[in-house]
Structure formats: structure tokens, C-alpha cells
Amino acid sequence: MSPIPVALPPALPSELLIYILTHQTYPTTLIICQPRSNFHSSLLASIPQTLQAQPPPPPAEGLPDTQSESNSEPQPLHLLLVPTLYQIAISRHINLVFIPTVSHLRAYLTVFSSTEAEIQAPPEKKFDKPGTKLPLLVVYGLLELHRDTSEWSAQGLGNSIAGLVEAGWRTGRKVVVLEERGKEECLSDMEVEEGRKNRVKVWEEGVPMLNGSVRQAGPENEDGGWSGRTVEVGRILARWFKFGKGDWEECEHE
């Protein structure tokens, strides 16, 4: 029986990669729904925000705790910047794909198979506990890929999600979807906390039922609501997915 697909809250690119390295097993495929250059820029921008929190060492007795001394201490490195043997070993066996459009995504999923990636399997480890990890098929930015296109509707999203779930079932992989969340470096503490509470609202956004729907004109040339009936994105996903909690959210509440 194939694993139940999971929809996770929005995450930074760095949080996505840590999740993959933590939970994946061979074969795993990560589909990034944006150009490679955009993802790299977002990844580099997100790493300084998620530095490992480590308390400074206490000052020695009899020595002044000067600000200059504390500034001279190196900052702790992000997990992705520490080239551990484990990280180097498993990252070579993860298939990474960049998808620019909805049409490319659907075409890729149609021909997707357990042998689609010519990546050599890692050496088998007899001491691994069976069943602790699963091969993953992760899609990052599925909703954003459809936004502002004619496929931004329950019909369009449903067609893509059905193809994604079918590809996961066909290859025996656990399907995981999540969106990219915005950076919080320029926000106040109150705005950051409000943003954390509202992350799940990405699933509450309404989309029209059919492809090709148009927005009604709003006041002062602003976009109004959609013409015709709408449905929440979460209700579309709920037909196939269960909603989970990301590791990055658990860290924020510690």
C-alpha cells in the first residue's frame, strides 16, 4: 500500500533541504517548481536566517567580558554549510529536477517511473532499521507554479495533483507538497509572529472552479473576487492529502 500523500506548511529553501536530508531514503526525487537561478538565490538568502542557536561561552573568572571579544568569536555554521560525511553521501543519490511551467510538470509526471533517474543507488546498509524512512516525491511550489496562469483553478490544480499522486502510487513513493514561505528578516517581532500564525492560510485561498475564469474589477482598479463559484485550495488538497507539521515549525516553538 502506498503512503498517504502529505501537505506541509510553507518552508524556506534551507528548511526544505534539511527536511529532505532528514527523512528521505533512496530513491528520492525533489521537484522545484521554479528556475534553478531563482531557487539558488532564495536558498542563499535563507541560510543566514536559520543559524543554529548556540549560547555564547561564559567568560572566565577574573577576565572582563568585553564586547570586542564576543564579536571576534566565529558564528555557528548552518547545518547545510557543515559538510558531514552523511550529508555528502546521501545528497549524491537524490534526484533534483527544476520545472518551469505547469505543462512541463504534467509531462514529467506522466513519464515518471522508479528508474527515471540515472542515479546510482547508495551501498546497502544491513544495519538500517526497516521502515524508518521512505522514498519521497517532493514538489516545492506547486501552487505558485499554477498562480497567474489559466490553470489557476480547482480544475487545473486537480489535474496536476491527480497526476502527482498517481506518479507516487505508481513508483511506491511518499508524495509531499509544500510552498516557499517569505523571508522575515525585515519584519518586526509582532509581524513575524503573525506570519507564523497565518502560514496555514495558504490552504484557505479561494480559486475558481474552472479554468479560464476571470477576476471581477475591484475598486480603484484593484482585483476583485473571481466570477462564479470558488473553492479553497485546502479542500482540493484534502481529497488526496493529509495535512502535516514541518520540523521547522516544531523548532520555532521550542
Side-chain angles (χ1 to χ4, degrees), residues 1-34 36 38-39 42-43 46 50 79-80 87 90-91 93-99 102 104-106 108-114 116-117 119 122 131-147 157-182 196 199-205 232-252:
M1 181 178 179
S2 298
I4 300 176
V6 175
L8 297 178
L12 294 172
S14 56
E15 295 166 340
L16 165 72
L17 296 185
I18 292 175
Y19 173 85
I20 296 292
L21 295 174
T22 303
H23 296 278
Q24 70 87 37
T25 188
Y26 181 86
T28 285
T29 295
L30 171 58
I31 300 176
I32 307 294
C33 296
Q34 55 182 269
R36 181 190 298 265
N38 292 2
F39 179 75
S42 299
L43 175 60
S46 68
T50 50
L79 289 175
L80 295 177
Q87 178 176 315
I90 66 174
S91 62
H93 304 284
I94 299 175
N95 185 33
L96 181 60
V97 183
F98 293 91
I99 299 292
V102 174
H104 286 84
L105 174 64
R106 293 176 180 173
Y108 180 80
L109 294 175
T110 299
V111 299
F112 183 79
S113 66
S114 58
E116 53 84 29
I119 296 181
T132 56
K133 295 182 180 181
L134 295 170
L136 302 178
L137 175 56
V138 182
V139 180
Y140 187 57
L142 177 68
L143 299 184
E144 195 62 30
L145 185 68
H146 290 72
R147 193 184 303 277
L157 288 172
N159 290 339
S160 298
I161 293 172
L164 172 61
V165 173
E166 197 274 335
W169 173 84
R170 189 172 62 245
T171 58
R173 305 195 191 191
K174 179 180 179 180
V175 176
V176 179
V177 298
L178 65 164
E179 297 297 304
E180 180 178 355
R181 71 177 173 91
R196 291 172 180 171
R199 283 177 196 167
V200 295
K201 290 188 177 181
V202 66
W203 311 130
E204 299 177 3
E205 185 174 0
E232 291 183 355
V233 170
R235 294 188 60 184
I236 302 172
L237 291 171
R239 295 183 56 189
W240 293 277
F241 292 80
K242 69 176 182 180
F243 295 93
K245 187 175 183 180
D247 301 341
W248 49 93
E249 290 201 326
E250 295 176 0
C251 294
E252 288 176 355

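Because the structure is a prediction, the values reported are computed rather than measured.
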Note, Leu43 side chain near Leu17 side chain (heavy atom, < 4.5 Å): yes
Main-chain N/O of Gln24 paired with Thr28 side-chain donor or acceptor, under 3.5 Å: no
Non-hydrogen side-chain atoms of Phe39 and Glu180 separated by less than 4.5 Å: no
Distance (rounded to the nearest 0.5 Å) between Leu109 CG and Leu164 CG: 5.5 Å
Between CD1 on residue Ile99 and CG on residue Leu145, distance to nearest 0.5 Å: 8.5 Å
Nearest-0.5 Å distance that lies between atom CD in Glu15 and atom CD1 in Ile20: 13.0 Å
Side chain Glu179, main chain Leu142, donor-acceptor under 3.5 Å: yes
Heavy-atom closest contact (Gly158 atom, Trp240 atom, distance): O-CH2, 4.0 Å
Within-4.5 Å side-chain heavy-atom neighbours: Val176 and Tyr19: yes
Spacing of CG belonging to Asn159 relative to NE2 belonging to His146, to within rounding of 0.5 Å: 8.0 Å
Validation row: Val139, Ile32 side chains within 4.5 angstrom (heavy atoms): no
Any side-chain heavy-atom pair of Ser160 and Val102 under 4.5 Å: yes
Arg235 atom CZ, neighbour heavy-atom count above 12 within 6.0 Å: no
Phe243 and Trp203 aromatic ring geometry - parallel, tilted or perpendicular at 30°/60° bounds: tilted
Side-chain touch Leu16/Leu30, heavy atoms, less than 4.5 angstrom: yes
Nearest heavy-atom neighbours spanning Phe112 and Ala167: CD2-CB, 4.1 Å
Spacing of Leu8 atom CG and Lys242 atom NZ [to the nearest 0.5 Å]: 10.0 Å
Side-chain donor/acceptor of Tyr108 to backbone N/O of Ile31, under 3.5 Å: no
Nearest heavy-atom neighbours spanning Gly246 and Pro9: N-CD, 3.7 Å
Verdict with supporting geometry, Leu137 and Lys174, side chain to side chain contact (heavy atoms under 4.5 Å, CB included): CA-CA 6 Å; Leu137 175 56; Lys174 179 180 179 180; over 6 Å; no
Minimum-distance pair of heavy atoms, taken over all atoms of Val202 and Pro10: CG1-CG, 4.0 Å
Any side-chain heavy-atom pair of Leu21 and Ile94 under 4.5 Å: yes
Verdict with supporting geometry, Arg173 and Thr29, side chain to side chain donor-acceptor pair (under 3.5 Å): CA-CA 9 Å; Arg173 305 195 191 191; Thr29 295; 2.8 Å; yes
Any side-chain heavy-atom pair of Val175 and Val138 under 4.5 Å: no
Salt bridge present between Arg147 and Glu144 (N-O < 4.0 angstrom): yes
Where Thr25 and Leu134 come nearest, the two heavy atoms and their spacing: CG2-C, 3.2 Å
Heavy-atom closest contact (Pro13 atom, Tyr140 atom, distance): N-OH, 3.4 Å
